[in-house]
Structures are given as structure tokens and as C-alpha cells.
Asks: 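Here you go, one structure.
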2 protein chains.
Amino acid sequence: MATTSASQRAEQSRREFDAFMAGCASRQLLDRIADKWVTLVLAALGESEDGLRYSELSRRLAGVSQKMLTQTLRALERDGLVAREVTASVPVRVDYQLTALGRSLLVPVMQLKAWAEAHMTEVLAAREAYDARG
Amino acid sequence: MATTSASQRAEQSRREFDAFMAGCASRQLLDRIADKWVTLVLAALGESEDGLRYSELSRRLAGVSQKMLTQTLRALERDGLVAREVTASVPVRVDYQLTALGRSLLVPVMQLKAWAEAHMTEVLAAREAYDARG
DNA sequence: CCGCATCCGTTCGGATACTG
DNA sequence: CAGTATCCGAACGGATGCGG
């Protein structure tokens, strides 16, 4: 029985996939910053010079669950984009701020934001026109 | 029975969320271009001046399923970023190419790509260092 | 050749409860 | 205050088969 044919084809497909991916270094980073909350956290931290406490971030990004906020902060910390500083008082205080790397990422991200603000109406118009046609 | 308390709280949370989102126009666009395949399709179409056939795109982006490719192309078409041209022959031929809007989006996307290529090693180093510590 | 419909496993993300 | 652990529905995404 050729029970492996499906997985073999899948693996071959995956190999081609990886090959293409390897040639596109930006993909992994895009996957990171494309995350639903990363941009918001980056923007929030970028606005305040000396960082924000966990609770301040939580208030500023109302609508995000602690789970997602913590998850996002951990990922950013892991990638060296934000710095986490724990003050061992009672109660505990934790501050987050952008690293130099994080601030440098903010530049292209803001350019993207500028594009969005400049062309948003065109996109929305195109979308409505498309939906109107069916 | 206060069966609505949970949904009420969710709705309130959502309202605050939307309020924050309204102040950040880039979010909707980011959600669009952050899509797993959008950037690749954009890049592929950006490289060839006169567009690509569906099957050519499919080969270039080996690893993407037809479902995802079609889904992505529809979304991009809807937003006015790519143009779809059907040649009613037998068999059917369909060409896709970037619109002016799509080409303009390519600019900030490429800057982001440039950032990624410039800082990828730093990110990977930070990641390894983080994982080594625990 | 192009693309839609369906099925199905995997992942995402929110709510909740609990710890130091 | 700042998390961690768990549960669970919703959405994502791939494989396959059919239709124009």
C-alpha cells in the first residue's frame, strides 16, 4: 500500500516552499511584526520616551487580553526589540521600553503607517466598488 | 438571570478597543498586508512588469495552496491593489498585475524588507541569547 | 486552466481562575 | 501588580474532488 504518497507529496511541496522562503529573508521578520498586537505595542512604547509599566500598556491597549499582551511582550523581548526591567518591590513593578533595535524598526513601520493614512480612502473606495459589483 | 453580563462586558471592551483602533488608521491596512501570502504575491508581481498568469504565480510561490492563492488574490483585487484580467479562451487564461496603488504600496513594504535584511542577524542573535538564558 | 466547495486537523485568541 | 495555567469556541490553512 502506498500509504506514504500523500505525505511524500506534502514533504516535496514543503521543500520547494522552504527554498523559496530561504530566498526571502524578510518573511520571518514580517511574520513577527505582522502580529496582531506587535505594531500597537511598538507604537505605544514609541510614544513614551521612558517606557511604560505593564498596567499602563494594558490600559493604553484596551481590548487586548493579558494573555495576548504578555505573549506579545515576551516575543518582542526575545527578539531584542523591547527591554524588560523588573523592580523587586511590593507590589512588583515591571517596565518595558524599546531597545535601539526596536526604535529603528519603528521607522519603516511608521512609513507603512503613513502610506496607510495616505491611501486608506482609495482602498476603501475600491473595496466598496468591488462589493457593489458582486 | 444576568445572562447578558458577559456579552455586555465584552461589548464594552470592544468599544474601547474600537476607539483605540479608530485613532490608528494603519491597523486595517496592516491587517491586510500582514497576511501570510500578501507580501509574497506583491513581491512576485512587482518583479515582473506585465503581470503573471495564475499558474505562473502558483509555480513561483511554491508551497501555497490554490485556496490560499486565490483567497489572497481576491482580497488584493478587492482592495484595488491588483488587477485581474480574464482572457476568455479555451482553456481560460487569467492574468494578474499590480495597479498603481499596488505599486505604491510596494515602496514601504520594500523598506521594511530592507530593515529586515539589515537587522535579521541581530534579531536572531537576541533570540538565541534569550533562549540560552531560559 | 482557473477556481469553488467541502472536510478536517491545527492554531489563535478570549474568558476565567489562581499564584507570588 | 504582574503574571501563569487551563478551557474552549472560532478562525486559519491544507488536501481533495468537482465544475465552468
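Just so we're clear, the structure is a prediction, and the values are computed from it rather than from any experiment. Order of the sequence lines fixes the chain letters, A, B, ..., with proteins taken first and strands second; residue numbering starts at 1 for each chain.
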Asks: Rounded to whole Å, how long is the line connecting atom CG of Asp95(A) with atom P of dC1(D)?
Replies: 13 Å

Asks: Taking atom C1' of dC1(C) as reference, at what distance in whole Å does atom CZ of Arg53(B) sit?
Replies: 7 Å

Asks: Can you figure out which of dG3(D), dG20(C), dG14(D) approaches the side chain of Ser65(B) most closely?
Replies: dG14(D)

Asks: Taking only side-chain nitrogens and oxygens of Arg93(A), does any of them come within less than 4.0 Å of OP1 or OP2 of dA2(D)?
Replies: no

Asks: What pairs with Glu49(A) under salt bridge (charged side-chain N to carboxylate O under 4.0 Å, His left out), at least two apart in sequence or on another chain?
Replies: none

Asks: Among dG3(D), dG20(D), dG14(C), find the nucleotide with the atom closest to the side chain of Trp37(A).
Replies: dG14(C)

Asks: Arg53(B): what forms a salt bridge (charged side-chain N to carboxylate O under 4.0 Å, His left out) with it, not counting sequence neighbours?
Replies: none

Asks: If the cut-off is 4.0 Å, is Ser55(A) near the phosphate of dA2(D), judged by side-chain N/O to OP1 or OP2?
Replies: yes

Asks: Write out a two-atom table: protein N or O, nucleotide N or O from nucleotides 4-12 of chain C, distance below 3.5 Å.
Replies:
from, atom 1, to, atom 2, distance (Å)
dC4(C), OP1, Arg74(B), NH2, 3.2

Asks: Rounding to an integer number of Å, can you tell me how far Glu77(B) CD sits from dC2(C) P?
Replies: 15 Å

Asks: Hey, could you give me each pair passing salt bridge (charged side-chain N to carboxylate O under 4.0 Å, His left out) that has a residue in residues 75-92 of chain A? Not counting sequence neighbours.
Replies: Arg32(A)-Asp79(A), Arg78(A)-Asp131(B), Asp79(A)-Arg127(B)

Asks: Under the salt bridge (charged side-chain N to carboxylate O under 4.0 Å, His left out) definition, can you give me all pairs with a residue in residues 61-75 of chain B, not counting sequence neighbours?
Replies: none

Asks: If you compare every side-chain N and O of Tyr96(B) against the phosphate oxygens of dC2(C) (OP1, OP2), does one of them come in below 4.0 Å?
Replies: no

Asks: Could you name each residue pair satisfying ring-ring contact (aromatic ring centres under 6.0 Å, His included) that touches residues 99-129 of chain B, not counting sequence neighbours?
Replies: Trp115(B)-His119(B)

